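Worksheet: the structure to be examined is printed underneath.
Scope of the values below: all heavy atoms of this structure, side chains included, with no hydrogens, waters or symmetry mates. All of these numbers come straight from a predicted model, not from anything done at the bench.
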Amino acid sequence: MDKRIIKDEEVSFIEIKNDKNLEVTLCTFGASFYRIVYKGKNRIMTPINHKEFYYNEQYYGKLVGRFSGRIKDATCEIDGRTYDLPKNWNGMNSLHGGPKGISFSNFDYEIKEEDESIDVIFTFLEKESYLPGDVSYRITYHVYKNIDKILLDMEAYTSKTTIVNLTNHAYFTLSSGKEVILDEILTLGCKYYGDLDMNLIAKSICEVNPIMDFTKGHEIGKYIEDPYLQNHTSFGYDHFFVKTKEEDSFAAKLKNKKEGISLTIHTSYPAIVVYTDNYPTKMEYENCKHEKKYQAIALECQYIPNGINMENVDKALLKPKEQYKEYISYTFEEI
């Protein structure tokens, strides 16, 4: 295995190449994926301009926290106290930890070589702000030597009871940006989904209907133009799905037949958000000069978004002396 460090002022990029077909570039800013190269092609969207990568609001490859997803009305209650959060999505709701979330923080890091992997360990202390408690993070990316697999381990501790719901927001494009993702086949281990209001907040958790049913796998584009999705502010898939069996680690599989490759995702989380890149930007990317609608897909494993304001779901609350520990794994294979 090879590794290399590239500096951009205070930010470091760590390049790791395994003994198979995988080359991963991680970035200290946002403890993020910058590139995932499989069989010679970058399989995630990568903005060319570093500053755009650091500060864009699409969260390309970023670790997202202290919470993922939208919190309704940018407010929540913890231990009987109401907390007002930044309204950084549509002027009403709070999204992805707010504008000062950990996606926009530069982490410390160290590299350790283990028998089966090279591990990049990112650490950061997020001080109390609009949510209670100082939260310390330890985020480890294990890049395996002889398997084309990345394991993301997420650990956290807090000084006060608070929300912690972390994910990674990579935008996958198995065609390496050559084509949109409508012909890629998505399979989910999820029998339930969040039915969303026009502010993309769940009204209820329902059993999947044909439009939302990926349990047997089908092309992403099969139902994406259905009025249920297009006569809505989502304009595609931007929904959370709940695993059929929480104890089953399988979350998703994405296949591209033309490229002859697949990506399989396993997780300890109960849910996964599927976002089909419905709002393209004007940035330039390594994969393609300009992004089209449905250029890529984000597969964001996490607790149910806005769980803090819902009944009968995990509220993603972390208490002092408890350890937050969740994982997401990404495995690339030929098909």
Side-chain angles (χ1 to χ4, degrees), residues 44-45 47 52 56-62 64 68-74 87-96 99 103 167-175 177-188 190 192-215 217-242 252 254 256 271-285 287-302 304-306:
I44 64 173
M45 295 294 287
E52 288 183 339
N56 78 82
E57 295 180 353
Q58 282 69 40
Y59 300 89
Y60 292 100
K62 297 288 191 65
V64 173
S68 303
R70 298 168 183 84
I71 291 185
K72 184 180 180 180
D73 299 329
K87 296 179 179 180
N88 65 317
W89 194 84
N90 77 350
M92 295 177 60
N93 303 315
S94 196
L95 177 68
H96 289 339
S103 300
T167 193
N168 184 281
H169 209 298
Y171 287 66
F172 293 99
T173 165
L174 297 189
S175 71
K178 288 190 300 185
E179 299 174 345
V180 295
I181 46 90
L182 299 183
D183 290 334
E184 294 187 358
I185 297 170
L186 177 65
T187 304
L188 299 177
C190 303
Y192 308 96
Y193 79 103
D195 185 31
L196 306 180
D197 66 18
M198 288 297 179
N199 291 312
L200 304 183
I201 300 292
K203 298 181 291 182
S204 60
I205 298 175
C206 309
E207 191 164 342
V208 292
N209 56 43
I211 297 165
M212 308 302 290
D213 187 359
F214 288 92
T215 56
H218 62 73
E219 291 84 357
I220 295 167
K222 184 173 182 179
Y223 297 110
I224 204 166
E225 297 300 332
D226 190 274
Y228 177 74
L229 298 172
Q230 295 302 323
N231 294 343
H232 195 282
T233 49
S234 62
F235 298 111
Y237 293 101
D238 194 0
H239 300 71
F240 70 80
F241 293 78
V242 183
L254 188 65
N256 186 305
I272 181 170
V273 172
V274 175
Y275 173 57
T276 48
D277 202 4
N278 310 321
Y279 296 91
T281 73
K282 295 183 179 180
M283 291 187 287
E284 292 190 20
Y285 303 84
N287 322 66
C288 54
K289 188 164 182 65
H290 295 295
E291 184 182 26
K292 299 176 182 177
K293 188 178 182 182
Y294 310 138
Q295 190 75 61
I297 184 170
L299 299 166
E300 311 157 48
C301 300
Q302 59 191 265
I304 290 173
N306 193 46

Would you say that [X] contacts [Y] through its side chain, given a criterion of any heavy-atom pair below 4.5 Å between the two side chains?
X: Met212; Y: Cys190; answer: no
X: Ile201; Y: Asn93; answer: yes
X: Met45; Y: Met283; answer: no
X: Glu219; Y: Glu184; answer: no
X: His218; Y: Tyr223; answer: yes
X: Tyr193; Y: Asp213; answer: no
X: Leu299; Y: Phe241; answer: no
X: Lys87; Y: Met92; answer: no

> Looking at Thr233, Asn278, Val274, which one forms a side-chain contact (heavy atoms from CB on, under 4.5 Å) with Asp238?
Replying inline: Asn278

> So which of Leu200, Thr276, Leu196 actually passes side-chain contact (heavy atoms from CB on, under 4.5 Å) with His239?
Replying inline: Leu196

>> Using the salt bridge (Lys or Arg N to Asp or Glu O under 4.0 Å) criterion, which residues pair with Lys282? Sequence neighbours excluded.
In response: none

Reported [atom1]-to-[atom2] distance for the pair [X] and [Y], which is rounded to 0.5 angstrom:
X: Ile297; Y: Tyr237; atom1: CD1; atom2: OH; result: 9.5 Å
X: Ile272; Y: Thr167; atom1: CD1; atom2: OG1; result: 8.0 Å
X: His232; Y: Asp226; atom1: NE2; atom2: CG; result: 12.5 Å

Of all heavy-atom pairs between [X] and [Y], which one has the smallest distance, and what is that distance?
X: Glu207; Y: Tyr192; answer: CA-CD2, 3.8 Å
X: Leu95; Y: Asn88; answer: N-OD1, 2.8 Å
X: Pro305; Y: Gly69; answer: CB-CA, 4.1 Å
X: Gly236; Y: Ile224; answer: CA-CG1, 4.0 Å
X: Tyr60; Y: Pro47; answer: CD1-CG, 3.9 Å
X: Leu229; Y: Ser234; answer: O-OG, 3.4 Å

Does the [X] side chain pair with the main chain of [Y], one donor and one acceptor, at a distance under 3.5 Å?
X: Gln302; Y: Ala271; value: no
X: Tyr171; Y: Gln58; value: yes
X: His169; Y: Gly61; value: no
X: Ser94; Y: Ile71; value: no
X: Asn287; Y: Lys178; value: no

>> Salt bridge or not between Lys203 and Asp195? Use side-chain N to carboxylate O under 4.0 Å.
In response: yes

>> Counting only heavy atoms not in Lys292 (residues, nucleotides, ligands), do more than 12 fall under 6.0 Å from its NZ?
In response: no

> In terms of heavy-atom contacts, does CD of Glu225 have more than 12 from other residues, nucleotides or ligands at under 6.0 Å?
Replying inline: yes

>> What verdict does the side-chain contact (heavy atoms from CB on, under 4.5 Å) test give for Ile304 and Ile205, after you've listed the backbone C-alpha separation in whole Å, the side-chain angles of each residue and the deciding distance to 0.1 Å?
In response: CA-CA 10 Å; Ile304 290 173; Ile205 298 175; 3.8 Å; yes

> Taking only residues two or more places apart in sequence, or in another chain, which ones meet Tyr59 in a side chain to side chain donor-acceptor pair (under 3.5 Å)?
Replying inline: none

> Which is it for Glu291 and Tyr285 under the side chain to side chain donor-acceptor pair (under 3.5 Å) test, yes or no, and what are the steps along the way?
Replying inline: CA-CA 8 Å; Glu291 184 182 26; Tyr285 303 84; 2.9 Å; yes

> Between Ser103 and His96, does a side-chain contact (heavy atoms from CB on, under 4.5 Å) hold up when you go through it step by step?
Replying inline: CA-CA 8 Å; Ser103 300; His96 289 339; 5.6 Å; no

> Under the side-chain contact (heavy atoms from CB on, under 4.5 Å) criterion, do Thr281 and Asn56 qualify, and how do the steps go?
Replying inline: CA-CA 10 Å; Thr281 73; Asn56 78 82; over 6 Å; no

